[in-house]
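Working notes, structure below.
Given the structure is predicted, the values throughout are model-derived calculations rather than measurements. The figures here come from the full heavy-atom set of this structure, side chains too, leaving out hydrogens, waters and symmetry mates.
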Amino acid sequence: MKFKLNGATEQYDGDPGQPLLWALRDSYGLTGSKFGCGIGNCGACTVHIDGRAVRSCVTPMNAVDGRTITTIEGLSPNASHAVQRAWIEEDVPQCGYCQAGQIMAVASMLSATPNPTDDDIDRQHTNICRCGTYVRIRKAIHRAAAYLRQEA
């Protein structure tokens with residue numbers, strides 16, 4: 001299988017049914033995506049495939065052949081993406097475990113919904129934060145949306 005990973009062409013010759021999460025972590029050394037639930041519910045493992053947020057713990061490697069994958073490591077080279085800046089400025093993380101998945105999910109959501117309302121956020125952002133930083137997450141989403149509108 002061949003695919004683009006954070007801008008580089010990669011090849012994978014392992015088990016085609018292996019979850020993308022484990023290939024990213026074990027074969028490519030990209031450990032930003034985390035294992036949370038293993039059933040696609042929590043979102044700690046969220047990455048982008050062709051620009052859409054997906055749960056990598058339930059995505060088999062054979063589903064990424066010919067596709068473009070972006071992980072938190074590839075979102076921006078220096079944490080300068082609008083969502084990353086907003087996350088830092090709003091001091092979103094508490095423990096930080098889920099934050100890479102949160103950021104990837106929000107970056108994808110904002111590309112589809114550039115000016116989300118609170119109702120949009122409630123419907124579209126389904127990642128779970130065990131620390132409960134949802135108030136700061138919501139503020140950061142609104143801040144990131146404003147940054148992206150300014151950049152457009």
Side-chain angles (χ1 to χ4, degrees), residues 1-113 116 121 124-145 147-148 151:
M1 290 164 267
K2 289 186 181 177
F3 52 90
K4 283 210 179 267
L5 177 58
N6 295 334
T9 300
E10 297 288 350
Q11 184 164 331
Y12 178 79
D13 296 320
D15 176 5
Q18 179 177 21
L20 172 60
L21 172 65
W22 298 115
L24 291 172
R25 293 180 64 80
D26 297 342
S27 299
Y28 301 98
L30 300 171
T31 57
S33 302
K34 303 293 191 256
F35 177 81
C37 66
I39 58 172
N41 277 343
C42 75
C45 65
T46 303
V47 299
H48 294 174
I49 297 179
D50 296 335
R52 280 191 51 218
V54 298
R55 309 291 169 101
S56 64
C57 72
V58 293
T59 303
M61 285 303 296
N62 61 8
V64 302
D65 191 29
R67 316 274 300 271
T68 299
I69 302 165
T70 306
T71 67
I72 190 71
E73 293 90 347
L75 189 60
S76 73
N78 57 1
S80 64
H81 187 279
V83 177
Q84 291 169 308
R85 291 188 340 251
W87 239 246
I88 292 165
E89 292 165 8
E90 292 295 341
D91 197 24
V92 172
Q94 187 166 326
C95 84
Y97 193 81
C98 70
Q99 297 310 304
Q102 298 275 359
I103 289 167
M104 295 303 287
V106 169
S108 178
M109 181 184 82
L110 290 176
S111 68
T113 309
I121 293 168
Q124 296 176 38
H125 186 66
T126 61
N127 288 45
I128 296 171
C129 174
R130 290 181 180 169
C131 300
T133 64
Y134 297 110
V135 172
R136 293 190 307 246
I137 289 170
R138 182 182 307 278
K139 286 175 70 177
I141 291 170
H142 287 299
R143 182 183 288 241
Y147 287 158
L148 290 169
E151 293 171 7

What side chain to side chain donor-acceptor pair (under 3.5 Å) pairs are there with at least one residue in residues 50-68, not counting sequence neighbours? D50-R67, R55-T126, R55-N127
State which residues pass side-chain hydrogen bond (donor to acceptor under 3.5 Å, both in side chains) with T71; sequence neighbours excluded, sorted by chain then number. N6, E73
Do any pairs count as a side chain to side chain donor-acceptor pair (under 3.5 Å) and have a residue in residues 10-19, sequence neighbours left out, and if so which ones? Q11-D13, Y12-Q18
Taking only residues at least two apart or on different chains, which pairs with a member in residues 31-83 satisfy ring-ring contact (aromatic ring centres under 6.0 Å, His included)? W22-F35
For a quick test of reading the model, state the closest non-hydrogen atom pair linking V47 to S33 and the distance between them. CG1-OG, 3.2 Å
Rounded to the nearest 0.5 angstrom, the CE-CD distance for M104 and Q84 is 8.5 Å
Do you know the tightest heavy-atom contact between T133 and Q94? CG2-CB, 3.9 Å
Quick check for you: to the nearest 0.5 Å, what is the distance between M61 atom CE and S27 atom OG? 7.5 Å
Do you know the tightest heavy-atom contact between C98 and A44? CA-CB, 4.5 Å
Indicate the atoms forming the closest heavy-atom contact of G38 with V58, along with that distance. O-CG1, 3.9 Å
L24 versus L5: any side-chain heavy-atom pair under 4.5 Å? yes
Residues G14 and M1: closest non-hydrogen pair is O-CE, 4.2 Å
Please list all pairs meeting salt bridge (Lys or Arg N to Asp or Glu O under 4.0 Å) that have one or both residues in residues 88-112, counting only residues at least two apart or in different chains. E89-R143, E90-K139, E90-R143
L110 meets the side-chain contact (heavy atoms from CB on, under 4.5 Å) criterion, sequence neighbours left out, with V83, V106, P116, I141, A144, A145, L148
Set of residues satisfying side-chain contact (heavy atoms from CB on, under 4.5 Å) with respect to C37, sequence neighbours excluded: I39, N41, C42
For T9, check side-chain contact (heavy atoms from CB on, under 4.5 Å) against everything at least two apart and list the hits. K4
L30 CG to I72 CD1 distance, which is reported to the nearest 0.5 Å: 11.5 Å
With sequence neighbours excluded, tell me which residues meet salt bridge (Lys or Arg N to Asp or Glu O under 4.0 Å) with R130. none
For residues 96-108, the side chain to side chain donor-acceptor pair (under 3.5 Å) pairs (sequence neighbours left out) are W87-Q99, Q102-H125
Pairs flagged by salt bridge (Lys or Arg N to Asp or Glu O under 4.0 Å) wherever residues 30-49 is involved - sequence neighbours left out: none
Determine the minimum heavy-atom distance between A53 and A105, stating which atoms define it. CB-CA, 4.1 Å
R138: partners by salt bridge (Lys or Arg N to Asp or Glu O under 4.0 Å), with sequence neighbours left out: D118, D122
